[in-house]
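The chain is numbered in sequence order, starting from 1.
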Amino acid sequence: MLGIASFLGFTILVAVIAYLATRKTDENSSDGYFLGGRSLTAGVIAGSLLLTNLSTEQIVGLNGNAYSDGILVMAWETLAAIAMVICAIYLLPRYLKGGISTIPTYLERRFDTTTKAMTSGLFLSGYAIVLLPIVLYSGSLAISGMFDLPEKLGISQWASIWVCVWSIGIIGGVYAIFGGLKAVAVSDSINAIGLLVGGLLIPVFGLLAISDDGSILGGISKLTAAHPEKFNAIGSDASSIPFATIFTGMVLVQLFYWGTNQQIIQRALGAKNLKEGQKGIMLAAFFKILGPIIVVLPGIIAFHMFDGQLEKADQAYPKLVATVLPATFVGFFAAVLFGAILSSFNSALNSCVTLFGIDIYKQYINQEAPESQVVSVGKRFGIVLALFSMIIAPFLYYASDGLFGYLQQVNGAYSIPILSVIVVGFLSKRVPAVAAKVGIIFAFVVYVAYIFMQRGLGVEWLPHMLHMQAITFVLTIILMLIVGTAKPRETDYVQEYTNEVDITAWKYVKPVGLVITLIVISSYIIFR
């Protein structure tokens, strides 16, 4: 009862604070609703970035991978910091200079409206069909298991999943659809603090539990002495992340996610100025370096505690939490985890609403629509999309194996085409719109064919998915440059400054970025 009370209390507190912080924001304008009135500060941006990224499919999934492969899976966290540095120094100034609300809007200006429509369609498809249902389902499994809802409510596991999916979906939908980006970002920043505190409690209690002398250092010493192979960041070719992939597809995955993914970059696009945006991204990058403590170390602790005998690796984190977390903390941690689930869901949903309202409805359906109508139509689309996701999500109960790996693989179907076009758009001035359309189609078809051959036909000689993403990326860029050489633009593309926000850079952005990069590199030297 105490756990449920603390869970409800913290969740309601976050909702009240988010309401008070956003009640004066003009939600009837595009900037007000979709970008929080371009008023987000560094702390809010950093907190929202972190919590949008961290959710149950990552916390449970990465710790499961760490249970099997050890610390080498930290690449998903630490390399993200370098991608965020690139975004802060190179990408964000260009985004804010153009005053864009969505990534496809930039592509429209650089290429044409068809390119914009194609990328918006890829984003919407990826979010609606893959990301939203998986977030709802994996979050529901965590909440249902933490409170043992089937037992308490006297219902089946299947029914419990339905209850949790619809509870998360409705609450997340209210945040994203009726509160806009600022409500999402403010609630994220509060939950991010709770997630850092709660997430750190698990490895702390875990290390204390396995230590012979009842100390954290004693637990670390015992862990490193008993399982030195788990602290090798290089790994082998047979591991889930071969070291070579760090220099191929892993770089692209991180660059897309932190620099061009609408769900993520929308927080930085809502910055009150470039300085606040860069500070927020850099602050989040520092916390990403600490991420392995939350999403990797518990998995290794679980391997030691349970002698590597768990039936499935993904059971490692939930079982560790149930074993080491005192009952008084269960409600708080569940509330924090609930916030992380909500964040990933409502962030993706808000991005879908933004993409549909600005890039599709305003562009192709009603170009004369006032901003209030664009916002209203976007909200209605969000309601339909949320309901669609809530109906699909429970059925993943019957296809739950490998959801985390499946999510990472399928994401490449839209991430690689979009990233390829954006990179060519930034680095060239004469590549034409036709090259962008050819590149998007080519990359999508090639990568989907790879997924079909690997998962559908079971072809074994195919390269690792991260290597394949890099191969597709390189081939797409070469193809676009060939088309650009054969049929270049008549004039150079020049990006204009729209004066939406001040784009004076933070004077410490490059030194801080260098420090972050050196820390990441040193982590691989230490754990080699």
For the atom pair [atom1] ([X]) and [atom2] ([Y]), what is the distance rounded to the nearest 0.5 Å?
| X | Y | atom1 | atom2 | value |
| --- | --- | --- | --- | --- |
| Ile418 | Asn261 | CD1 | CG | 8.0 Å |
| Asn63 | Leu320 | CG | CG | 8.0 Å |
| Ile241 | Ile234 | CD1 | CD1 | 12.0 Å |
| Leu79 | Thr517 | CG | OG1 | 10.5 Å |
| Leu283 | Met84 | CG | CE | 8.5 Å |
| Glu77 | Leu290 | CD | CG | 10.0 Å |

Smallest separation among heavy atoms of [X] and [Y], with atom names:
| X | Y | value |
| --- | --- | --- |
| Ile281 | Ala268 | CD1-CB, 4.0 Å |
| Thr78 | Pro292 | CG2-CG, 4.0 Å |
| Phe205 | Val324 | CB-O, 3.7 Å |
| Leu122 | Pro417 | CD1-CB, 4.1 Å |
| Ala271 | Ile45 | CB-CD1, 3.6 Å |
| Leu252 | Ala470 | CD1-CA, 3.5 Å |

>> Could you walk me through whether Ile103 and Tyr95 satisfy the side chain to side chain contact (heavy atoms under 4.5 Å, CB included) test, starting with their C-alpha distance in whole Å, then the side-chain angles of each, then the deciding distance to 0.1 Å, before giving a yes or no?
In response: CA-CA 8 Å; Ile103 296 301; Tyr95 292 151; 3.6 Å; yes

> Angle class for the Trp166/Trp162 ring planes (parallel below 30°, perpendicular above 60°, tilted otherwise)?
Replying inline: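 Ring orientation, 0 to 90° scale: parallel.
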
>> Tell me whether the rings of Phe256 and Tyr414 are parallel (<30°), tilted (30 to 60°) or perpendicular (>60°).
In response: perpendicular

Is the backbone of [Y] close enough, under 3.5 Å, to the side chain of [X] for a donor and an acceptor to pair up by distance?
| X | Y | answer |
| --- | --- | --- |
| Tyr257 | Ala80 | no |
| Thr245 | Gly249 | no |
| Asp307 | Gln309 | no |
| Thr260 | Leu419 | no |
| Ser522 | Ile519 | yes |
| Tyr524 | Ala233 | no |

Do [X] and [Y] touch side chain to side chain, with heavy atoms closer than 4.5 Å?
| X | Y | result |
| --- | --- | --- |
| Gln254 | Ile82 | no |
| Ile516 | Phe286 | yes |
| Ile264 | Leu49 | yes |
| Ile265 | Cys87 | yes |
| Trp506 | Glu276 | no |
| Met250 | Phe243 | no |
| Leu274 | Leu92 | yes |
| Ile301 | Pro203 | yes |

Result block: side-chain N/O donor-acceptor pairs under 3.5 angstrom for residues 224-231, not counting sequence neighbours:
unit_1: Thr224; atom_1: OG1; unit_2: Ile220; atom_2: O; d: 3.0
unit_1: Thr224; atom_1: OG1; unit_2: Ser221; atom_2: O; d: 3.1
unit_1: His227; atom_1: NE2; unit_2: His304; atom_2: ND1; d: 3.0
unit_1: Lys230; atom_1: NZ; unit_2: Tyr67; atom_2: O; d: 2.8
unit_1: Lys230; atom_1: NZ; unit_2: Ser68; atom_2: O; d: 3.0

>> If you apply the rule side chain to side chain contact (heavy atoms under 4.5 Å, CB included), what do you find for Met468 with Leu462, and how did you get there?
In response: CA-CA 8 Å; Met468 187 62 199; Leu462 294 171; over 6 Å; no

> Counting only heavy atoms not in Tyr508, do more than 12 fall under 6.0 Å of its OH?
Replying inline: no

> Could you go step by step and tell me if Asn232 and Ile71 meet the side chain to side chain contact (heavy atoms under 4.5 Å, CB included) rule?
Replying inline: CA-CA 6 Å; Asn232 179 4; Ile71 202 171; 5.7 Å; no

> Could you go step by step and tell me if Val423 and Phe473 meet the side chain to side chain contact (heavy atoms under 4.5 Å, CB included) rule?
Replying inline: CA-CA 10 Å; Val423 168; Phe473 175 77; 4.1 Å; yes

